[in-house]
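What follows is a single structure, written as structure tokens, with notes after it.
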Amino acid sequence: MKKQTVHYNTVGGKDMRKKDIINVAMIAHVDAGKSTLVDAFLSQSGVFHENEVVLEQVMDSNDLERERGITIYSKNCAIEYKGVKINVVDTPGHADFSSEVERIMKTVDTVILLVDSSEGPMPQTRFVLQKSLEAGLRPILFINKIDKKDQRAEEVVDMSFDLFDELGATNEQLDFPIVYGIARDGIATLDMDNIGDNLTPLFDILLDHVEPYPDSSEESLKMQVSSLGYDDYLGRLGIGRITRGTIKAKSAVQVSKRDGSVINAKIVGLFVNEGLSRIEKDEAYAGDIVVFSGMPTISIGETVCDIDFVEPMKMIEIEKPTLSMNFLVNNSPFVGRSGKLVTTRQILARLNKELETNIGLKVETIEGVEGYKVSGRGELHLSILLERMRREGFELSVSKPEVLFVHENGEILEPFEKVIVAAPDKYIGNVISQLNVKKGTMQFMSSENGYTTIEYLVPTRGLIGYRSEFINSTHGQGTLEKSFDSYQPHVGKIDTQRNGVFIAKEKGKTMAYSIFHLSDRGRMFVAPATEVYAGMIVGLNSRSNDLVVNPCKNKQLTNVRSSGTDEAVKVGNPRTFTLEEALEFIDHDELVEITPDAIRLRKRILDEKDRKRARKELNYQNEL
């Protein structure tokens, strides 16, 4: 990290900021163009050199973010426009990371709400906008992708206004500026009939719409930690906006903890953002977003103050997890082939490291089992962690996601999700029927240009594993968006019946001959010459029962020749699973085996006789 000395103006011996500061967050539904707009901000503010090769979505520096095309972790950068420092925060768009968006609202002066000119407001748009309105912010509406053939920008503006009004926006918040643009091309305009070639209209609106953060640098320090980071050399990092005063490197401070206690601490390292770089500073002033090191126990919501001037800010509530999975030691016959980190000790050490920054996670030991119960905000939240562990060389087995219930006033509550589906009219009937079976309740329905849009409120456990069924029902022509809505009373048993599976009988390599004949009775998950073991799931049965099969059996060779015996065997492509698809697919008696080079499905109990015995014991207990 670079070291840089910055000089500030002083008045009467007191330090004052040299530049005004505005903090702005980009918020939107996933894939609305937040990271692309940040790219344009950086490009047009002169952060990059003329001959510098710039990647798209430069803020999405993580490999997983680039592969999936989504923002997973919020990130800060800073630009300068007309002498004003603008700290820009790129936020996640997926519902599983909405808690991070909520915390960021406390560190910014305004938000730019991006809405697709064709799709209009989506489920996550509602959530992030609601949080910004509750924080008292006055958003700027940016209608993106106005170059689409099916754009309906004016209608989307009306839809956005209705959403503002529905969420209880004040008169000042309803008087929001409207900017149209194409983030990909770095274009913003206030008039659809007069499109320019840069973002100057958006920059000017930002300065006119938002007052710079008040300069209270001469007062006592007060700063609340809104995010955490981790550095291999510096340890845990605290991130937050300086609400008041001045923070200095190597200075002694006091911290108001989550439990109400006050401890003495020291700011060891202090950093601020300039462009894409994190620059080490001696001092930082009111309004700026800073990163500091030196406090290994700092947590989100805690307040850093000057000694003897402790004023705790309102604690930030950490959202409770909604889903859990069991992270178990991999005990398959193929253990250790590609991964080297396989023991419970190594898995626990990795989970504890994750807890340093991922406060939405909860880890519990499972009595009598070599593994841990890990709870998070959703399937994507947990699967991202699993994918990162897999790439780091871990091997483990994971159980089916389970919904976490809440008990209040003697009543059981479960999480519900808001679901928005758009599909061709001829398929929407099947989708409505399926969501009704999942105990969903229709909230809204409209039809236009051969497509029907429906809005449902559905229990989370009814949606686990539903995406593949939805894709089949709509022949791949439908879209399904969902986000956490609320906890509501438990709705009873939900039918989530899945067909049975083909289970390998023995260890060996699969043969094309066997796979060809098994394909008549179901869909295969393995190709010829794939190594399998007893208890591994190799296909989906066309009927409801599980079937033990031998995919390693080859054709019996004889010296008798007859017509048709030497015909070539044609085998179709096997169905492959991403990590999320595998987690959605498995049943309660199955596991996903995750290794650096493979994702396999298996039965929890590998031996066929042991499975039968366990099934009999379970049936006997149910009868009692």
Side-chain angles (χ1 to χ4, degrees), residues 96 320-405 460-461 464-465 501 503-504 532-537 577-608 610-611 613-615 617-618 621:
D96 285 12
K320 295 178 180 177
T322 58
L323 278 181
S324 71
M325 300 179 194
N326 292 339
F327 287 29
L328 308 172
V329 169
N330 185 17
N331 62 356
S332 86
F334 294 168
V335 63
R337 287 195 175 187
S338 59
K340 302 304 176 187
L341 304 170
V342 298
T343 66
T344 51
R345 178 183 59 81
Q346 291 166 328
I347 292 172
L348 179 61
R350 178 62 181 83
L351 292 175
N352 284 335
K353 181 181 178 182
E354 187 69 20
L355 290 172
E356 290 282 341
T357 55
N358 196 342
I359 62 162
L361 209 65
K362 184 179 179 182
V363 178
E364 304 168 84
T365 56
I366 308 173
E367 205 168 322
V369 177
E370 288 187 323
Y372 304 93
K373 180 181 178 181
V374 182
S375 306
R377 290 291 295 171
E379 289 175 80
L380 183 64
H381 185 198
L382 295 174
S383 66
I384 290 292
L385 170 59
L386 286 167
E387 185 65 44
R388 290 172 62 196
M389 291 177 68
R390 175 189 176 200
R391 296 182 183 205
E392 292 166 12
F394 282 86
E395 284 192 12
L396 64 163
S397 296
V398 185
S399 68
K400 183 180 179 67
E402 293 184 353
V403 169
L404 297 175
F405 299 111
T460 299
R461 59 195 171 100
I464 295 175
V501 292
I503 307 164
V532 298
Y533 54 81
M536 180 173 160
I537 296 172
F577 290 89
T578 63
L579 183 53
E580 285 88 358
E581 289 169 346
L583 293 170
E584 284 189 344
F585 177 83
I586 58 173
D587 213 335
H588 293 287
D589 64 337
E590 297 164 358
L591 300 172
V592 178
E593 180 188 350
I594 300 169
T595 70
D597 65 352
I599 294 174
R600 303 183 186 95
L601 310 182
R602 50 162 286 188
K603 284 294 182 180
R604 189 184 290 267
I605 302 173
L606 297 178
D607 186 80
E608 182 185 358
D610 291 341
R611 282 199 303 273
R613 190 179 301 112
R615 193 159 48 243
E617 290 177 0
L618 182 61
Q621 290 174 1

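Just so it is clear, the values below take in all heavy atoms, side chains as well, and ignore hydrogens, waters and symmetry mates.
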Close side-chain approach of [X] to [Y], heavy-atom, < 4.5 Å:
X    : Y    : result
V342 : V329 : no
R390 : I594 : yes
R600 : M536 : yes
L579 : L386 : yes
F327 : R350 : no
V335 : T595 : no
L591 : V398 : no
T322 : L404 : no

From [X] atom [atom1] to [Y] atom [atom2], the distance as rounded to the nearest 0.5 Å:
X    : Y    : atom1 : atom2 : result
F394 : L351 : CZ    : CG    : 8.0 Å
L341 : N330 : CG    : CG    : 12.5 Å
F577 : I537 : CZ    : CD1   : 8.5 Å
S375 : M325 : OG    : CE    : 10.0 Å
K373 : S324 : NZ    : OG    : 4.5 Å
H381 : L361 : NE2   : CG    : 5.0 Å

Carefully, step by step, assess I464 and F585 under the rule side-chain contact (heavy atoms from CB on, under 4.5 Å).
-> CA-CA 8 Å; I464 295 175; F585 177 83; over 6 Å; no
For [Y], is there an ion pair with [X] - N to carboxylate O distance below 4.0 angstrom?
X    : Y    : value
K603 : D589 : yes
K400 : E590 : no
R391 : E387 : yes
E354 : R388 : yes

Which pair of heavy atoms, one from [X] and one from [Y], lies closest together, and at what distance?
X    : Y    : answer
S338 : P596 : OG-CD, 3.4 Å
L583 : P401 : O-CD, 3.4 Å
E593 : S332 : OE2-OG, 2.9 Å
V592 : A582 : CG2-O, 3.7 Å
V532 : A504 : CG2-CB, 4.3 Å

Return yes if a side-chain donor-acceptor contact under 3.5 Å exists between E580 and S383, otherwise no.
->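 The answer is yes; a qualifying pair exists.
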Please work out whether the ring planes of Y533 and F334 are parallel, tilted or perpendicular, with thresholds of 30° and 60°.
-> perpendicular
Could you go step by step and tell me if N331 and R602 meet the side-chain hydrogen bond (donor to acceptor under 3.5 Å, both in side chains) rule?
-> CA-CA 11 Å; N331 62 356; R602 50 162 286 188; 2.6 Å; yes
Test side-chain contact (heavy atoms from CB on, under 4.5 Å) applied to I599 and T578, step by step = CA-CA 8 Å; I599 294 174; T578 63; 6.0 Å; no
Check the pair V363 / N352 against side-chain contact (heavy atoms from CB on, under 4.5 Å), numbers first and verdict last.
-> CA-CA 8 Å; V363 178; N352 284 335; 5.6 Å; no
Output, in order, the C-alpha distance, side-chain angles, deciding distance and verdict of side-chain contact (heavy atoms from CB on, under 4.5 Å) for S399 and R604.
-> CA-CA 9 Å; S399 68; R604 189 184 290 267; 3.7 Å; yes
For E370, does the CD atom have more than 12 heavy-atom neighbours from other residues, nucleotides or ligands under 6.0 Å away?
-> no
Spell out, as yes or no, whether a donor-acceptor pair under 3.5 Å connects the side chain of E395 to the backbone of G336.
-> yes
